[in-house]
Amino acid sequence: MTSLAAPVPPVPADGPPGSVAWLRASVSRFSNGSEHTRRRSLAVEMLARVEPEALRCKAFSQAADGDAQSVVVEVLAGELGLPVVASDVVTAAAAYHPHVTPSAEAEAALGRLVAACGGPSELTAARIGLLMQACAATAGLIGNAVPLVLAGKLPEEAVAEVLRADPPVSHTRRRVDGEDVLVPLAGTPFGAGPRECPGPAHAIALATGVLAALRVTRGEGAVGLC
Ligand code: HEM
């Protein structure tokens with residue numbers, strides 16, 4: 001089996017500043033070697049200043065304000081102090097991965113995000129990268145857990161079961177012998193090794209907050225009230 005320690009497929013480095021291509025070329029997720037190390041530490045430092053418990057409480061209270069992706073982004077961006085519009089994050093996130101051709105809407109949304117996050121720089125890319133990484137994956141975690149909560153499971157149990165049996169991210173990509181290969185993440189829903197997701201506690205907190213609100217909406221008790 002291919003090791004998760006293999007390099008990620010490289011992305012072109014010549015996108016215009018502020019474009020989707022620029023973002024991919026500037027975030028840790030699609031970087032290798034010392035660039036990966038340096039950019040990853042920017043993301044890790046920012047996340048370290050965000051309390052998962054604050055995310056859980058805010059996700060709980062804001063859960064009714066939109067769909068799962070928007071709520072996740074609103075709450076995380078708020079705690080990171082980033083004045084972004086959630087719908088711009090959702091639109092740009094759909095074009096984040098290098099195998100997707102960005103739409104004009106995604107480029108425009110990303111342009112607004114770059115402006116809101118301080119202009120094109122490695123730090124801005126790290127800020128936006130956190131929101132991109134959180135957006136669909138955490139909404140997927142929530143979506144897969146909803147039927148379990150509706151069937152009576154507690155949010156924490158439902159999230160744990162989804163991570164064990166039905167994780168939202170099943171594969172990642174690596175470059176091996178010049179070929180791009182899909183690597184299954186069986187048993188490691190947050191990845192492993194030097195590129196392991198730095199946000200499991202934050203993701204689980206956001207998901208349990210939203211799912212606790214779902215229980216309350218259904219009159220099943222105020223589990224997780226803040
Ligand atoms: C608050 C929510 C989240 C944040 C802020 C976040 C952040 C990140 C970041 C910054 C990376 C890149 C790490 C690097 O470049 O070294 C990453 C990687 C990863 N994330 Fe997350 N993430 C979140 C939620 C999730 C969720 C819900 C899952 C799935 C259960 C997930 C699975 C992964 C995986 C598998 C990788 C590694 C990909 C690889 O090795 O190729 N993340 N995450």
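We number each residue from 1, following the sequence as shown. Only heavy atoms go into these numbers, but all of them, side chains included; no hydrogens, no water, no symmetry mates. Every number for a ligand or one of its atoms is a count from 1 in the order of the listing.
- Contact between R174 and ligand 1 is present, with at least one heavy atom of the residue lying under 4.0 Å from the ligand.
- L185 places none of its side-chain heavy atoms less than 4.5 Å from the side chain of H171.
- Cluster annotation: L42 is connected to V50 through the hydrophobic network of ILVMFWY side chains, with a link wherever side-chain heavy atoms come within less than 4.5 Å.
- The distance from ligand 1 to the heavy atoms of P189 drops below 4.0 Å at these ligand atoms: 29 (C), 30 (C), 32 (C), 35 (C).
- No N or O atom of H202 sits closer than 3.5 Å to an N or O atom of ligand 1.
- For ligand 1, the polar-atom distance check finds no N/O of E196 at less than 3.5 Å from any of the ligand's N/O atoms.
- Taking distances strictly below 2.8 Å, the protein N/O/S atoms close to atom 21 (Fe) of ligand 1 are C197 SG.
- Proximity of a side-chain donor or acceptor of E107 to a complementary backbone N or O of A104 within less than 3.5 Å is not detected.
- Remark: the backbone N or O of A203 is not paired with any side-chain donor or acceptor of T138 at under 3.5 angstrom.
- For L4, the closest heavy-atom approach to ligand 1 does not fall below 4.0 Å.
- Distances shorter than 4.0 angstrom occur between a heavy atom of P168 and an atom of ligand 1.
- Heavy-atom distances between L163 and ligand 1 reach below 4.0 Å in at least one pair.
- Side-chain contact check for S34 and T37: no donor-acceptor pair (N or O, by modelled atom type) lies under 3.5 Å.
- Inclusion of T172 in the set of residues having an N or O under 3.5 Å from an N or O of ligand 1 is warranted.
- Of the heavy atoms in H36, only side-chain atoms (C-beta onward) come closer than 4.0 Å to ligand 1.
- Nearest to atom 5 (C) of ligand 1 among the protein's heavy atoms is L130 O, 3.8 Å.
- In the hydrophobic clustering of this structure, L148 does not group with V216; members are Ile, Leu, Val, Met, Phe, Trp, Tyr whose side-chain heavy atoms approach within less than 4.5 Å, directly or through other members.
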As a quick check of understanding, evaluate side chain to side chain donor-acceptor pair (under 3.5 Å) for R24 and S19, giving each step before the final call.
CA-CA 9 Å; R24 292 169 182 160; S19 66; over 6 Å; no

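- Those atoms of ligand 1 with a heavy atom of L206 less than 4.0 angstrom away are 1 (C).
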*asked:* For S70 and D67: C-alpha separation, side-chain torsions, deciding distance, then whether side chain to side chain donor-acceptor pair (under 3.5 Å) applies.
replied: CA-CA 5 Å; S70 311; D67 61 20; 2.6 Å; yes

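- A donor atom on one side chain and an acceptor atom on the other are not found under 3.5 Å apart for R127 and S121.
- Atom 15 (O) of ligand 1 has its closest protein heavy atom at S28 OG, 2.7 Å.
- Residue contacts with ligand 1 for R173 are absent, since no atom lies close enough (heavy atoms, distance under 4.0 Å).
- With 3.5 Å as the limit, one finds no donor-acceptor pair spanning the side chains of R56 and T208.
- R195 places a side-chain heavy atom less than 4.5 Å from the side chain of V8.
- Close contacts between ligand 1 and L185 involve ligand atoms 35 (C) [criterion: under 4.0 Å to a heavy atom].
- Remark: the backbone N or O of L55 is not paired with any side-chain donor or acceptor of H202 at under 3.5 angstrom.
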If you apply the rule ring-ring contact (aromatic ring centres under 6.0 Å, His included), what do you find for F30 with H97, and how did you get there? CA-CA 9 Å; F30 307 117; H97 284 275; 5.6 Å; yes

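- Residue T138 approaches ligand 1 through these ligand atoms, each under 4.0 Å from one of its heavy atoms: 2 (C), 24 (C), 27 (C).
- Taking distance alone, with nitrogen or oxygen atoms compared against 3.5 Å, R40 approaches ligand 1 more closely than that limit.
- Residue, atom and distance of the protein heavy atom nearest to atom 37 (C) of ligand 1 are R195 O, 3.5 Å.
- Placement of M132 and L80 within a single hydrophobic cluster is found when ILVMFWY residues are connected by side-chain heavy-atom separations under 4.5 Å, directly or transitively.
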